[in-house]
Every structure is written in C-alpha cells, then in structure tokens.
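All values below were derived from every heavy atom in this structure, side-chain atoms included, with hydrogens, water molecules and symmetry-related copies excluded. On a predicted model such as this, the values are computed, not experimentally measured, just so you know.
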Amino acid sequence: MRILVADDHEVSRKGICSILSSRAGMDVCAEASDGQEAIEKALVVKPDMVILDFSMPTLDGVSAARTLKQILPTVPVIILSMHKGPQIVQAAQLAGARGFVSKSDAGAALLNAVDVILQGKNFFP
C-alpha cells in the first residue's frame, strides 16, 4: 500500500507518516506541503491512497481531493483536519473523499480509516 501524505505543517505530516509506517505493508511513497504539490506528486508516483490536510496554502485539501477524483478516480482520498464538525465532513464527502479523520483522533482512527476504505467502504464520523 503506497500512500501520499500532504500537510503544510511538517510536524503533523511526519506524525501521520509515522502512524502509517507503523503498519507492515504501508509505505509513504511521497509527501507534499500543499494541495497543488500533492496533485503533481500523485501524477508521478501513482499512490494507492492519498491523505490530505483540509486546510493548506496554495490549494486546500478539499480542492485537491476534487481534482484527484477527476484525474485518478480509483485512488481513495482521506481528509484530515484539526477542526471537527458536520460542515467539514460534508465538504470532504462532496469533494469525493472516501474518509475523514480528525487530527486529534488520528493516532487511534487513521489506520482504522485506511482499513475500512480498503474494504471498499467509506469512513466518516
């Protein structure tokens, strides 16, 4: 499982990568610091999954998810956010994301979200 991770905060990005890398068979194949860079790298590395921060400079995670859904329609996207709320979850769903995880719950929920999505289901609180 090759995963691309995009988050503009390096500490958050490295933490997400660490959580993912703790599972055998998961490889963070690329990292990006904004949505535009995530799209560019996704076109090159062809990941199996993309994890995007909701709020990033240049291009936010929701806009990047919309674009990724058009150009790599079979690649599932998970949106991460430090904010919770039905509006943010709905925005992620409308953008074509298959899951949403709050950053405060990422330690406990991120791997579960990946597993659920790999089973062909969606993961939304």
Closest approach of N112 to A108 (non-hydrogen atoms, all atoms of both residues): CB-O, 4.5 Å
Gap separating the OG atom of S102 from the CD1 atom of I88, nearest 0.5 angstrom: 9.0 Å
Step-by-step salt bridge (charged side-chain N to carboxylate O under 4.0 Å, His left out) determination, D115 to K121: CA-CA 9 Å; D115 291 340; K121 302 174 187 172; over 6 Å; no
Cluster overlap V28 with V44, hydrophobic side-chain contacts below 4.5 Å: no
All salt bridge (charged side-chain N to carboxylate O under 4.0 Å, His left out) counterparts of R13, not counting sequence neighbours: E31
Minimum heavy-atom distance V62-A91, with the two atoms named: CG1-O, 3.9 Å
NZ/K46: more than 12 non-hydrogen atoms of other groups inside 6.0 Å: yes
Where P47 and V75 come nearest, the two heavy atoms and their spacing: O-CG2, 3.5 Å
side-chain contact (heavy atoms from CB on, under 4.5 Å) between K84 and S104, intermediate numbers included: CA-CA 9 Å; K84 294 181 183 180; S104 62; 3.5 Å; yes
Close side-chain approach of N122 to I117, heavy-atom, < 4.5 Å: no
Single-linkage hydrophobic cluster L68~V5, side-chain heavy atoms < 4.5 angstrom: no
Point-to-point distance, once rounded to the nearest 0.5 Å, from CG of L111 to CG of L20: 6.0 Å
Taking every non-hydrogen atom, the tightest pair across M56 and D34: SD-CA, 3.7 Å
Evaluation steps, side-chain contact (heavy atoms from CB on, under 4.5 Å), between L4 and I51: CA-CA 6 Å; L4 184 150; I51 298 176; over 6 Å; no
Test: D60 and R66 ion pair at under 4.0 Å: no
Main-chain N/O of S33 paired to E37 side chain as donor or acceptor, under 3.5 Å: yes
Beyond-backbone contact of F123 with R98, side-chain heavy atoms, under 4.5 angstrom: no
Test: D7 and K14 ion pair at under 4.0 Å: no
Within 6.0 Å of CD in E10, more than 12 heavy atoms from elsewhere: no
Side-chain touch M1/L118, heavy atoms, less than 4.5 angstrom: yes
Over all atoms of both residues, closest heavy-atom pair of K41 and A30: CD-CB, 4.3 Å
Side chain proximity check, V77 to M49, heavy atoms < 4.5 angstrom: no
Value rounded to 0.5 Å, distance of CG in L110 from CZ in R23: 9.5 Å
hydrophobic_cluster_shared for I19 and M26, side chain cutoff 4.5 Å: yes
Side-chain (S21) to main-chain (S18) donor-acceptor, under 3.5 angstrom: no
S81 side, atom OG; D105 side, atom CG - distance, nearest 0.5 Å: 11.0 Å
Atom pair CG (L80) and CG (L52), whose distance is rounded to the nearest 0.5 Å: 8.5 Å
Rounded distance [0.5 Å steps], CG in D27 versus SG in C17: 10.0 Å
Derivation and outcome, side-chain contact (heavy atoms from CB on, under 4.5 Å), residues I3 and C29: CA-CA 6 Å; I3 303 173; C29 63; 5.9 Å; no
K103 side chain near D53 side chain, heavy-atom distance below 4.5 Å: yes
Short side-chain to backbone donor-acceptor contact, T67 and S63, under 3.5 Å: yes
F100 side chain near I78 side chain, heavy-atom distance below 4.5 Å: no
Residues forming a side chain to side chain donor-acceptor pair (under 3.5 Å) with T58, sequence neighbours excluded: none
CA sep, side-chain torsions, deciding dist, call: H83, F54, side-chain contact (heavy atoms from CB on, under 4.5 Å): CA-CA 9 Å; H83 305 290; F54 184 86; 5.6 Å; no
R2 to V45 - nearest heavy-atom pair and separation: NH1-O, 2.7 Å
